[in-house]
Structures are given as C-alpha cells and as structure tokens.
Amino acid sequence: SNGHSEVNNIFEICDSIYVPNASARDIYLKYYDDIKVKVIEHGVDIIEKIYKPQPNNVFNVAFIGGMAPYKGSILAHDMITKNKKSDIKWYIFGIIGDQLLLNINREDLYKHGIYSRDEIYSLLMKYNIDLVCILSIWPETYCYTLTEAWQAGIPVLVTDTGALGDRVKKTGAGWVVPMNSSAEEILDKIYSIMNNDKEYERVLEKTTNMSFITKKEMANNYVHEYDAVLSDKKRLCPDDAILADNNQILAAYRLANKVYSETNQVELFNRLEYLERELNLMRNTLGWKALERLRRSKFPFKYIFKKSI
C-alpha cells in the first residue's frame with residue numbers, strides 16, 4: 001500500500017529505530033525488511049517499595065488508566081455486570097471514555113476518576129487492591145500502567161498481546177488470557193486466582209521482588225546509542241557538513257513539544273514565533289553572514305579557529 005511504502009521510505013533513511021519492548025520490535029521486523037530496530041526499555045521514577053497488606057475477605061479487582069474500548073472498557077463493563085460472586089469488589093481508577101461503563105452504578109463498584117501518576121500507588125494500597133486488570137484489545141508498546149501496578153506490588157491479569165503479554169510472561173508477575181477471551185472466560189480466570197492461594201502468593205512474591213530501570217539508566221542507554229550513531233556520521237560526513245539546519249531544529253522542537261492546554265499551546269507557539277523572528281533577524285546581520293561564509297570556507301587551522309569562537 002501507499003502508506004506502507006511511505007513508512008518504508010522513512011525507515012530507510014533512519015540509522016536506527018528504538019522501541020521500548022521486544023514485541024514492538026518484532027512487529028516492525030514482520031512488515032519491514034532491512035531496518036535496524038533496537039530495544040531500550042522505558043525508565044521510571046523509583047518509588048519506595050510498597051508491601052501489599054494482608055488479604056481480607058473481599059477480593060478487590062481494579063482497572064487503572066484511561067478506560068476506552070481499545071483499552072478493554074467493553075470487557076470491563078461485561079465482567080462487572082455479569083459477575084455473580086459477592087466477594088469481589090471492582091474499582092476503576094482513571095478517566096472513563098465509555099458511556100456504558102460510565103453509567104454503571106452498583107454497590108460493588110467504585111469509580112475514582114482521574115488521578116495523577118504519583119497518586120496511584122497510595123490509592124492501590126488504600127483500597128487494598130488484590131489484582132489489576134489491563135485488557136487492551138490491541139498491542140501496547142510498553143504500558144506504563146503495568147509498571148505502576150507492579151511498583152505498587154500488585155499482580156496483574158492482562159490480555160496476551162504486545163508488551164502486556166510479553167512482559168508478564170517474562171516476569172511471571174501475573175497472568176495472561178487470550179486476546180479473544182470473553183468476559184465470562186476472564187471472570188473464570190479471576191475465580192481461579194481467588195481460589196488458589198498458593199499460586200497467588202507465588203505470583204505476589206515475584207511482583208514484590210521486581211526491579212525497574214531508572215530514567216537515568218534509560219537516558220544513559222540512549223546517550224550510548226546516539227554517540228555510536230554520531231561517531232559513524234563523523235566518519236561519513238566532511239567536517240563542514242550540516243546534519244540539521246536551524247529550521248529543521250525548530251520544526252523538530254515544535255513537533256516534540258506537544259501540549260494539552262490550549263492556553264499553553266498559544267504561549268508555546270507565540271514563543272516559537274518570537275524565536276523564529278529573532279533567528280531571521282540574526283541571519284540578516286553582517287556579522288552572521290560573515291561567520292557563515294567563514295564557516296563554509298576552507299583555510300588552514302580552521303578547526304582551531306572554530307574552537308576558539
């Protein structure tokens with residue numbers, strides 16, 4: 001297709017493509033040949049290890065993060081409404097983007113609404129959550145909410161797709177259900193987890209003993225990769241080659257700094273327009289033109305001169 005061809009053209013000029021999980025790498029390699037895809041796991045803020053309270057007579061099951069159809073909200077709705085066990089209580093933490101799920105009002109369901117990332121750990125502990133369900137219906141590339149559940153020391157039940165299935169199967173810190181599972185089949189899995197204390201304790205121990213890569217470690221991994229790419233570029237490019245001009249850098253800055261508030265967006269673009277005008281004014285000065293010509297010219301000891309300015 002034209003779309004596939006366009007993406008392939010972009011990939012062909014990339015020195016390397018970075019993804020946070022092996023499952024995403026495998027998907028790229030399935031559809032695109034001769035591309036370099038490397039895995040660098042996302043880093044997180046390391047929080048003080050939280051130990052889950054002792055279980056009580058109720059099995060508390062939570063859905064965390066935004067709940068929309070692609071995140072499994074339809075399954076969540078059907079599981080809650082079709083559950084027949086009185087010793088399960090349901091919790092939803094995050095925005096609900098599914099009207100049917102939003103309209104459920106039951107004594108065994110608590111809807112918290114939006115939360116900040118640093119709140120979720122205390123919320124999961126406050127309500128003594130026993131299991132977090134993440135039932136996305138298409139592949140996730142990493143899934144931060146999965147990490148949040150694990151950092152809170154809580155086992156998970158996930159659909160066997162993308163990074164969800166890959167990470168859970170590699171760590172053993174949860175259970176997976178097939179992608180085409182019905183609400184009744186997932187409920188049966190939850191009932192099985194509830195009734196098998198030894199298995200639950202085994203998985204809980206794996207969850208408690210998990211470690212995570214930090215943001216600093218992730219950044220160091222990227223620096224190492226970028227240094228290797230730039231080193232290759234220096235060997236291939238002449239000294240006076242330009243890898244990116246100022247307009248490209250400005251365009252990249254605009255793309256990278258997506259904001260969600262309209263006010264902040266206006267402020268950001270006003271600032272960028274101001275900087276662009278200043279840049280153009282500088283380019284029209286005699287000093288800029290002289291430096292630009294000097295930079296492009298070839299004369300002895302140019303490298304030493306460039307370092308001095």
Side-chain angles (χ1 to χ4, degrees), residues 1-46 139-144 146-147 162-164 166-167 170 211-259 268-269 271-272 275-276 278-280 282-283 288 291-309:
S1 69
N2 290 335
H4 183 277
S5 178
E6 288 294 326
V7 173
N8 193 61
N9 290 337
I10 294 171
F11 284 168
E12 283 181 350
I13 64 173
C14 294
D15 294 287
S16 193
I17 300 163
Y18 299 100
V19 295
N21 182 261
S23 63
R25 177 199 61 200
D26 294 342
I27 291 173
Y28 278 125
L29 293 176
K30 180 180 178 180
Y31 293 101
Y32 299 97
D33 298 323
D34 301 323
I35 60 173
K36 297 178 181 177
V37 188
K38 297 183 178 180
V39 177
I40 295 182
E41 186 178 347
H42 286 325
V44 295
D45 292 320
I46 301 302
E140 302 256 7
T141 58
Y142 181 71
C143 190
Y144 275 109
L146 175 58
T147 303
L164 288 174
D166 183 73
R167 295 178 68 193
K170 282 182 178 177
S211 59
F212 304 92
I213 183 173
T214 66
K215 289 181 178 178
K216 183 176 181 180
E217 289 170 330
M218 176 190 69
N220 288 337
N221 289 336
Y222 275 111
V223 168
H224 175 76
E225 290 290 333
Y226 291 168
D227 282 345
V229 171
L230 290 174
S231 177
D232 289 339
K233 286 289 184 186
K234 289 176 182 177
R235 289 196 294 269
L236 295 171
C237 299
D239 289 341
D240 58 351
I242 301 174
L243 296 181
D245 64 24
N246 290 319
N247 283 329
Q248 290 173 317
I249 295 171
L250 181 63
Y253 181 80
R254 281 175 163 162
L255 287 171
N257 285 269
K258 292 181 180 178
V259 293
L268 174 62
F269 277 92
R271 180 184 170 199
L272 289 174
L275 292 173
E276 190 171 24
E278 289 292 303
L279 183 61
N280 289 330
M282 288 175 61
R283 281 177 167 170
W288 178 281
L291 282 172
E292 187 68 11
R293 176 164 293 188
L294 184 63
R295 186 176 66 82
R296 293 179 178 274
S297 64
K298 296 182 179 180
F299 61 88
F301 312 111
K302 175 182 174 182
Y303 177 72
I304 297 173
F305 180 77
K306 283 172 69 177
K307 286 189 69 175
S308 68
I309 60 174

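Predicted model only: the values in this text are computed from it and were never measured.
Heavy atoms of other residues, nucleotides or ligands lying less than 6.0 angstrom from CG of Asp227 number more than 12.
Taking CD of Glu41 as the reference point, atom CD1 of Ile213 lies at 5.5 Å (rounded to 0.5 Å). The OH atom of Tyr226 sits 6.5 Å away from atom OH of Tyr18, with the distance rounded to the nearest 0.5 Å. Put simply, CD1 on Ile17 and CZ on Phe11 are 4.5 Å apart, with the number rounded to the nearest 0.5 Å. Expressed to the nearest 0.5 Å, how far CD1 of Ile13 lies from CG of Asn8 amounts to 11.0 Å.
Residues Asn21 and Thr141 share a closest heavy-atom pair of CB-O, 3.1 Å.
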Yes or no on ring pair (Phe, Tyr, Trp, His ring centres under 6.0 Å) for His42 and Tyr144, after CA distance, side-chain angles and deciding distance? CA-CA 9 Å; His42 286 325; Tyr144 275 109; 5.2 Å; yes
Should Thr147 and Tyr142 be marked as a side chain to side chain contact (heavy atoms under 4.5 Å, CB included) after you check the CA-CA gap, both sets of side-chain angles, and the distance that decides it? CA-CA 9 Å; Thr147 303; Tyr142 181 71; 3.3 Å; yes
Are Asp15 and Lys36 close enough, and set up right, to give a side chain to side chain contact (heavy atoms under 4.5 Å, CB included), and what steps lead you there? CA-CA 7 Å; Asp15 294 287; Lys36 297 178 181 177; over 6 Å; no
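Side-chain contact between Ile27 and Leu29 is absent, with no heavy-atom pair separated by less than 4.5 Å. Taking 4.5 Å as the limit, some side-chain heavy atom of Ile40 sits within range of a side-chain heavy atom of Glu225. Inter-residue side-chain proximity for Ser16 and Lys38 is flagged as met; some heavy-atom pair is nearer than 4.5 Å. Put simply, the side chain of Thr214 does not reach to within 4.5 Å of the side chain of Met218, judged on heavy atoms. No side-chain heavy atom of His4 sits less than 4.5 Å from a side-chain heavy atom of Val7.
In this structure, a donor-acceptor pair under 3.5 Å is absent between the side chains of Arg167 and Ser23. If you check the side chains of Asn221 and Glu217, you find no donor sitting under 3.5 Å from an acceptor.
Between Asp166 and Lys170, at least one side-chain N (NZ, or NE/NH1/NH2) sits under 4.0 Å from a carboxylate O, which counts as a salt bridge.
A donor-acceptor pair under 3.5 Å is absent between the side-chain atoms of Arg25 and the main chain of Val19, judged by distance alone.
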